[in-house]
Protein chains: 4
Amino acid sequence: MPDPATGRRRNPATHDAILDATCVLLDEIGFDKLSLEGVAARAGVGKATIYRWWPNKSSLAMEALLREVGPTVAFPETESARHDIENQIRKLAKLYRGKTGRVVCEMIGLSQFDAETMRLFNDNFLDPRRNAAKQVLLRGIQNGEFKPDLDFDVIFDLLYGPIIQRMLMRHAGIDERHIDLHVALVLDGITPAKTNIELI
Amino acid sequence: MPDPATGRRRNPATHDAILDATCVLLDEIGFDKLSLEGVAARAGVGKATIYRWWPNKSSLAMEALLREVGPTVAFPETESARHDIENQIRKLAKLYRGKTGRVVCEMIGLSQFDAETMRLFNDNFLDPRRNAAKQVLLRGIQNGEFKPDLDFDVIFDLLYGPIIQRMLMRHAGIDERHIDLHVALVLDGITPAKTNIELI
Amino acid sequence: MPDPATGRRRNPATHDAILDATCVLLDEIGFDKLSLEGVAARAGVGKATIYRWWPNKSSLAMEALLREVGPTVAFPETESARHDIENQIRKLAKLYRGKTGRVVCEMIGLSQFDAETMRLFNDNFLDPRRNAAKQVLLRGIQNGEFKPDLDFDVIFDLLYGPIIQRMLMRHAGIDERHIDLHVALVLDGITPAKTNIELI
Amino acid sequence: MPDPATGRRRNPATHDAILDATCVLLDEIGFDKLSLEGVAARAGVGKATIYRWWPNKSSLAMEALLREVGPTVAFPETESARHDIENQIRKLAKLYRGKTGRVVCEMIGLSQFDAETMRLFNDNFLDPRRNAAKQVLLRGIQNGEFKPDLDFDVIFDLLYGPIIQRMLMRHAGIDERHIDLHVALVLDGITPAKTNIELI
DNA sequence: TCATAACCGAGACGGTACGTCTCGTCTTGGG
DNA sequence: CCCAAGACGAGACGTACCGTCTCGGTTATGA
């Protein structure tokens with residue numbers, strides 16, 4: 001009976017104001033201390049309006065975060081897959097050194113205690129990045145840059161696991177020198193031997 | 001000014017009761033539904049007593065979890081550092097597939113929200129493990145098994161980062177096949193080239 | 001800034017439930033054992049709702065008590081101001097010997113701990129009674145029953161102060177014999193001397 | 001079996017330190033906000049020591065208050081009972097205008113909700129004053145200054161009730177002019193008529 | 001002279017209530 | 001039907017005191 005085309009349409013300005021406020025507060029006080037009450041006040045919006053469109057804090061924060069960092073940190077597409085990977089990881093490391101890194105840490109932290117946040121994080125953040133990385137690796141294989149029999153999951157974890165660990169554990173900064181060394185070691189490890197032989 | 005030898009002594013039974021209650025509740029309802037109010041009630045303890053000894057929920061949970069994880073997974077000490085590392089990581093992976101893994105995830109999660117908790121985690125959990133690993137790598141270098149100029153932090157992150165990422169993100173299990181592949185790639189990467197040349 | 005015509009309206013049932021619970025608890029356990037926590041629980045109301053409308057325990061209790069005391073004890077209006085005062089005070093004394101006396105004592109008690117509560121008490125209880133008394137005294141002056149230069153505040157305190165003291169200190173009951181004696185002494189003292197001379 | 005004359009004697013310095021701290025805090029923050037915790041800290045004394053010697057806050061405050069104001073505001077003893085009363089009341093009014101007045105108000109306030117405080121207040125504060133006043137009135141009667149048939153309770157309430165009311169209700173200050181007027185009216189009322197006739 | 005008993009400070013402890021904050025739902029009036 | 005404002009029940013937060021309870025150490029007899 002209720003015609004879906006009936007009644008007032010959703011106001012996109014409101015939607016944006018909410019995400020803007022969420023971003024600002026995420027930066028200022030972090031995910032842990034973020035409250036929907038605070039977001040509503042900051043955005044000049046009724047709390048009910050937030051609850052109408054997002055089921056919980058995690059999904060709101062996730063949408064705000066994704067809007068900021070973009071769907072992925074885009075891989076450049078040059079003729080060298082290796083350079084593309086190196087450049088993307090350098091950009092990612094730079095991003096993670098900033099406020100985005102803190103928010104990602106908190107999202108991962110919360111995910112350990114809340115399955116729904118984990119699902120959102122994987123579906124919206126991690127998987128697209130994994131897929132993008134996979135494309136580049138496949139391109140490298142087709143190029144002959146990388147060994148054809150590599151296990152994609154293993155390489156993905158070797159490329160990104162160390163960065164995540166560094167960011168989460170804080171035992172050391174995510175500086176470029178370390179990144180370059182570790183990426184070099186991994187990519188060298190998947191570069192066909194004949195290349196090395198040719199070099200001898 | 002406050003003479004430590006004065007006043008009533010701290011009651012260890014109370015301390016234990018609080019940590020016990022924390023463990024139980026962490027298990028039953030998870031970290032983010034955990035309330036100090038609830039812990040106090042469960043432990044039969046005044047809230048103030050908890051606040052006297054722990055600055056916040058995270059530190060309390062961390063101390064409770066640290067009690068749960070056993071001591072460092074010892075590195076076997078054979079004549080081959082490589083085999084020692086491979087074996088230790090296989091055992092570690094096995095441990096992380098069980099309840100300990102769950103606990104470690106939660107400890108890492110907790111650390112994201114409080115610096116003091118992070119410090120507790122690093123001091124009591126991570127550092128001992130890092131140091132043990134360092135010893136084996138040094139042994140390997142002295143043996144000539146590993147390149148002499150390797151950056152320890154990079155190798156540590158490459159060996160353990162992928163496992164941590166896999167465990168935290170849940171995108172894939174920590175199965176032995178993947179572990180073996182990634183460890184092989186890393187250790188190959190730090191094995192001196194002359195070994196390879198001899199093989200040719 | 002805050003438009004009063006916006007937002008959900010205050011629920012009068014809640015307001016009443018809070019005052020009802022306060023009265024009951026005041027009766028059952030007394031003021032200094034009264035807790036807002038307890039009132040909230042008894043009224044089936046959130047604590048914040050109480051704090052939204054009353055600044056502290058005293059004001060809440062005062063408002064609850066003010067509901068209990070009836071309107072001003074009316075002064076009868078005959079041709080003799082003296083008789084009117086005597087009759088009103090007799091009626092007042094009777095009232096104060098009952099439950100109302102108990103309540104008035106508590107209101108005075110409350111007022112000692114909070115200026116706002118004192119203000120409430122003066123505005124809503126004391127001032128109307130003082131003004132009514134003032135009218136009768138003025139009438140008596142115009143009649144020639146009372147000296148024209150009397151200080152109203154002094155007379156008010158002399159008429160009612162002794163009753164209040166007796167009621168608050170409990171050192172003696174508020175019996176009619178004492179009332180009559182003290183009122184006679186005061187009113188004699190403000191009755192013009194010529195009357196006495198005529199009697200000689 | 002335990003000889004009461006054995007063991008260490010009570011330290012009078014401690015006793016004084018506690019009362020001193022109580023007085024200071026009573027002045028600074030009033031009876032309502034006074035805490036035994038605060039007294040102990042201020043006096044440099046263990047809480048248990050206070051609880052050893054006083055059953056509750058009221059009795060501690062009462063003892064401190066009585067030590068400050070003395071057992072009574074002494075009546076001067078000249079040949080005129082009337083002047084003695086006038087002077088004592090002027091001194092009392094002055095006392096009540098200061099911090100002592102505030103504390104007395106709070107004690108009366110609390111007495112409305114706590115029978116034990118009421119008892120302490122009557123026994124230790126009010127009764128001695130009533131008795132002293134009674135002596136002076138009797139002296140006045142024997143002098144022939146006052147009528148021989150006066151009702152002591154009525155006069156006491158007329159002399160002190162107005163001051164108490166003024167202090168408790170705050171509707172007006174306890175200034176000397178009003179005091180003098182009301183005392184004059186009462187004392188005139190109990191002065192034998194022949195005196196007046198002689199004056200004519 | 002020296003054991004004994006009470007005194008004393010410090011402060012841990014189980015509690016209760018405080019006053020504040022946020023949650024998620026609801027009601028209201030106005031687009 | 002959308003929205004801002006904000007009342008509401010619920011309940012955790014972290015703090016302040018309550019009154020009781022060890023502690024270790026300190027006097028002051030009286031055996």
Side-chain angles (χ1 to χ4, degrees), chain A residues 2-11 13-14 33-38 40-41 43-53 55-57, chain B residues 2-11 13-15 33-38 40-41 43-53 55-57, chain C residues 1-11 13-15 33-38 40-41 43-53 55-57, chain D residues 1-11 13-14 33-38 40-41 43-53 55-57:
Chain A
D3 183 351
T6 246
R8 183 173 173 181
R9 277 321 117 76
R10 180 174 183 182
N11 181 356
T14 297
K33 309 216 142 129
L34 183 74
S35 69
L36 293 209
E37 201 108 7
V45 138
K47 275 196 292 175
T49 304
I50 302 182
Y51 284 106
R52 219 191 317 274
W53 303 110
N56 54 50
K57 191 167 88 160
Chain B
D3 184 350
T6 209
R8 182 173 173 178
R9 280 327 122 77
R10 184 173 181 181
N11 180 357
T14 296
H15 185 256
K33 309 224 135 132
L34 182 74
S35 69
L36 295 210
E37 200 110 4
V45 139
K47 271 199 291 175
T49 301
I50 302 181
Y51 284 106
R52 222 192 311 275
W53 304 112
N56 51 53
K57 195 167 84 159
Chain C
M1 199 80 82
D3 183 352
T6 210
R8 181 174 175 178
R9 278 329 120 77
R10 183 172 181 182
N11 180 357
T14 296
H15 185 256
K33 307 224 138 132
L34 182 74
S35 69
L36 295 209
E37 200 109 6
V45 139
K47 272 198 291 174
T49 302
I50 302 183
Y51 284 106
R52 219 191 315 273
W53 304 112
N56 51 52
K57 195 167 83 159
Chain D
M1 203 78 82
D3 183 350
T6 245
R8 182 177 176 179
R9 278 323 118 80
R10 180 173 182 184
N11 180 357
T14 297
K33 308 217 144 127
L34 183 74
S35 70
L36 293 210
E37 202 110 5
V45 138
K47 274 196 292 174
T49 303
I50 301 182
Y51 283 106
R52 221 192 313 274
W53 305 110
N56 53 51
K57 190 167 88 160

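All chains are named by letter (A, B, ...) in the order of the sequence lines, taking the proteins before the strands, and each is independently numbered beginning at 1.
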Of all heavy-atom pairs linking B:Gly46 and B:Ala40, the shortest is C-CB, 4.3 Å
For B:Ile50 and E:dG15, what is the distance between atoms CD1 and P respectively, to the nearest whole Å? 12 Å
Check the pair D:Lys47, D:Leu36 against side-chain contact (heavy atoms from CB on, under 4.5 Å), reporting the backbone distance first and the verdict last. CA-CA 7 Å; D:Lys47 274 196 292 174; D:Leu36 293 210; 5.5 Å; no
If I take atom CH2 in residue D:Trp53 and atom P in nucleotide E:dG9, what distance separates them, rounded to the nearest angstrom? 12 Å
Atom CG of C:Asn11 to atom P of E:dT27: distance rounded to whole Å? 10 Å
Phosphate oxygens OP1/OP2 of E:dG29: is one of them under 4.0 Å from a side-chain N or O of C:Arg9? yes
Could you state the atom-to-atom distance from NZ of B:Lys47 to C1' of F:dA16 in whole Å? 11 Å
When we call it a touch if two heavy atoms are under 4.0 Å apart, what does B:Gly44 touch: a base, just sugar-phosphate, or nothing? sugar-phosphate
Does C:Ala40 reach a base, just sugar-phosphate, or nothing at all? Heavy atoms under 4.0 Å. nothing
5'-most contact on DNA chain E (nearest-nucleotide basis), C:Ser35 vs A:Ser35, goes to C:Ser35
Does B:Thr49 make a side-chain N or O approach to OP1 or OP2 of E:dG14 shorter than 4.0 Å? yes
Side-chain donor or acceptor of D:Arg10 under 3.5 Å from a matching atom on the base of E:dC7? no
Between B:Gly38 and D:Ala48, the residue closer to the 5' end of DNA chain F by nearest nucleotide is B:Gly38
Is any side-chain heavy atom of D:Thr49 closer than 4.5 Å to one of D:Arg52? yes
Here the distance between atom C1' of F:dA5 and atom OH of A:Tyr51, to the nearest Å, is 15 Å
Of D:Leu34 and A:Val45, the one whose nearest nucleotide on DNA chain F sits closer to the 5' end is A:Val45
Just to confirm, is there a sub-4.0 Å distance from OP1 or OP2 of E:dG14 to any side-chain nitrogen or oxygen of B:Thr14? yes
In whole angstrom, what separates B:Glu37's CD from E:dT20's C1'? 13 Å
Roughly, in whole Å, what's the span from CZ in C:Arg8 to P in E:dG30? 18 Å
Without decimals, in angstroms, what is the distance between D:Asn56 CG and F:dT20 P? 11 Å
